[in-house]
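In what follows, a structure is listed as structure tokens, so that the remarks can point back to it.
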There are 2 protein chains.
Amino acid sequence: MNDTSAPIGVFDSGLGGLTVLKEIITLMPAEHTVYFGDTGRTPYGSKSPETIIKYALQIARFLQSQHIKMLVIACNTASARAYKAVCDLMKIPVVEVITPGAQAAVQGTINRKIGVIGTRATIESDVYVNAIRHFAGPDMQIIQQACPLFVSLAEEGWWHHAVTRSIADVYLQALKQAQVDTLVLGCTHYPLLKDVIAQSAGSDVTLVDAAHRVSERVLDVLKTHRLMNQSDVQGHHVFYTSDSIEYFQKLGSLFMDRTIDTVERIDIEQY
Amino acid sequence: MNDTSAPIGVFDSGLGGLTVLKEIITLMPAEHTVYFGDTGRTPYGSKSPETIIKYALQIARFLQSQHIKMLVIACNTASARAYKAVCDLMKIPVVEVITPGAQAAVQGTINRKIGVIGTRATIESDVYVNAIRHFAGPDMQIIQQACPLFVSLAEEGWWHHAVTRSIADVYLQALKQAQVDTLVLGCTHYPLLKDVIAQSAGSDVTLVDAAHRVSERVLDVLKTHRLMNQSDVQGHHVFYTSDSIEYFQKLGSLFMDRTIDTVERIDIEQY
């Protein structure tokens, strides 16, 4: 398949992946996109590898039925657990969100001490440790911390709440003691809590939000495969969810920082 | 069907319903039970009514296939959203967890000011307000508060954490200002946070944990329908989950305060 006018498929366990979609649209305004958010089964972060793989394959099959030219797994947990399984299924390029963040962290650190925060599933998978070692060799210090409450806090809208700061202080304590100078936000929800995480981490620590890096990777892959949409017209953007349309529109518009008009609900368990 | 030796079916969106199962086993040790925890799709509290009904019906069909004599919806969110749909499906008695808690609150309050806390779905459904009004008439004051982060905190194991106390203080502020003397824990996860909630609510407030009341209701219904197991032998207890067996065993044993040996994983989406 080599249809340059086909859409890019993007999915996440919920709304967090919209922070990645936003960067893709900004960088490649002519591209059409199809987004699926699995709000009916969110969050993935505390679920088992087998369940995450099963859900990711259902979504990949659904997006395949939408004739996408490329797939972006805009969810760190699904990237960590299901990237290989999804690649085995798909005949089109698949981009995950781990590698761009790991690469940015390696380029950014000066004292060679990198912190990584994410869901329990992402941290337990060691996927960031392996990706960082790939770019940096074994002398790089990597300190990981699972932050299971951050997704709930992001979805509760407590983005600047004092309680969020207290929780961040608990989670980031070991990373601060280890004096990391670079902190990877290893979950697409975390950019929403960026202000609080930055305050808690302190001004010596640079946060790595991989969303923009992922969009650059998408552009590279499109170019390599000669799949870029050369149109001068702005692309259109379609959204699907496995739960409430109203919830997706309301919170999704906040995540995207633009109004989401057309959302359709689908029965993902059928795929 | 009138097989007294058949098991009682119990389900929850995850592990919270085990606090109800524990009371049922204590009160009726001869009864066999089958428990299903939907950990693969938990939590239900922020999902839409349609999604919660769909999930509850799948679980009811699965438990029906296990030849249960009675069904307990040990989840406030599913009780609030899906009780009627489940009753329409089943030919056996169905018990939900709202009514026993509402009744206990009405019996317990002296100043006729009752607080109710629960998930967003439970609170938005107004199911507790309606149930309390049914027993108490329109002069009873009822103040509700959704506490979406409590389920995550319970599952994170932060049952006595200072942060949990801070969050409880935020959530309970309006209830304290309204001077409720009785507070319904309208979610089967909340008993795990009981100490912190009690401290935050203050010593003038009585907490209503409906789990024991629900078990009394189950006993009543079994008696009425002549479905009691008259055996002298202890019942056996079977557990099913839609996600990791290890997670269910580990955390479930804490919830039940006894070791859970045999858990089986099933594909609930097939039902």
Side-chain angles (χ1 to χ4, degrees), chain A residues 13-15 38-55 58 81 119-121 124 146-158 161-171 173 241-248 250-251 263 265-271, chain B residues 13-15 38-55 58 81 119-121 124 146-158 161-171 173 241-248 250-251 263 265-271:
Chain A
S13 63
L15 301 166
D38 200 1
T39 46
R41 303 185 295 196
T42 198
Y44 285 4
S46 298
K47 295 185 172 104
S48 70
E50 300 79 42
T51 294
I52 295 162
I53 289 170
K54 179 184 157 187
Y55 291 175
Q58 286 175 330
R81 296 297 200 191
T119 65
R120 190 167 287 138
E124 282 176 1
C147 307
L149 291 168
F150 276 178
V151 169
S152 310
L153 289 163
E155 290 186 349
E156 175 74 334
W158 287 21
H161 203 290
V163 161
T164 307
R165 173 63 195 271
S166 305
I167 293 174
D169 287 347
V170 173
Y171 283 146
Q173 196 174 14
T241 174
S242 52
D243 197 13
S244 159
I245 290 171
E246 293 69 31
Y247 173 82
F248 191 101
K250 195 177 142 198
L251 209 60
V263 182
R265 180 180 184 145
I266 59 148
D267 184 359
I268 194 66
E269 297 178 356
Q270 302 303 313
Y271 287 88
Chain B
S13 63
L15 300 166
D38 200 2
T39 46
R41 303 185 295 195
T42 199
Y44 284 5
S46 297
K47 295 186 172 104
S48 71
E50 302 78 44
T51 295
I52 295 163
I53 289 170
K54 180 184 159 187
Y55 291 175
Q58 287 174 329
R81 296 297 199 189
T119 64
R120 190 166 287 138
E124 282 176 2
C147 307
L149 290 168
F150 275 179
V151 169
S152 310
L153 289 163
E155 290 185 349
E156 175 74 335
W158 287 21
H161 202 290
V163 161
T164 307
R165 172 63 196 270
S166 305
I167 293 175
D169 288 347
V170 173
Y171 283 146
Q173 196 174 14
T241 175
S242 52
D243 197 14
S244 158
I245 289 171
E246 293 70 32
Y247 172 82
F248 191 101
K250 194 177 143 198
L251 209 59
V263 183
R265 180 179 184 145
I266 59 147
D267 184 358
I268 194 64
E269 296 178 359
Q270 300 302 313
Y271 287 89

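Because the structure is a prediction, the values reported are computed rather than measured. Chain identifiers are assigned alphabetically (A, B, ...) following the order of the sequence lines, protein sequences preceding nucleic acid strands; residue numbering begins at 1 within each chain.
- Both the backbone and the side chain of Ser152(B) have a heavy atom closer than 4.5 Å to some heavy atom of chain A.
- Between Glu155(B) and Pro148(A) the shortest side-chain heavy-atom distance does not fall below 4.5 Å.
- Of the two parts of Val151(A), neither the backbone nor the side chain holds a non-hydrogen atom closer than 4.5 Å to a non-hydrogen atom of chain B.
- In terms of heavy-atom pairs under 4.5 angstrom with chain B, the leader among His161(A), Glu50(A), Glu246(A) is Glu50(A).
- From Ser166(A), atom OG reaches atom CZ of Arg165(B) across 13.5 Å, with rounding to the nearest 0.5 Å.
- Of the inter-residue distances, the one linking Ile167(B) atom CD1 with Thr164(A) atom OG1 reads 7.5 Å to the nearest 0.5 angstrom.
- Two residues are said to be in side-chain contact when any heavy atoms from C-beta on lie closer than 4.5 Å; Pro43(B) and Pro43(A) meet this criterion.
- Thr51(A) touches chain B through backbone and side chain together, each having a heavy atom under 4.5 Å away.
- A pairwise comparison of heavy atoms in Thr39(B) and Lys47(A) identifies O-CE, 3.3 Å as the closest pair.
- For Thr42(B), the side-chain hydrogen bond (donor to acceptor under 3.5 Å, both in side chains) test picks out no residue, with sequence neighbours left out.
- With a 4.5 angstrom heavy-atom cutoff, Ile52(A) does not touch chain B via any of its atoms.
- With a threshold of 4.5 angstrom between heavy atoms, Gln270(B) does not approach chain A through any atom at all.
- The side-chain contact (heavy atoms from CB on, under 4.5 Å) check on Ser46(B) picks up Arg120(B), with sequence neighbours excluded.
- Using a 4.5 Å cut-off between heavy atoms, Tyr44(B) makes no contact with chain A at all.
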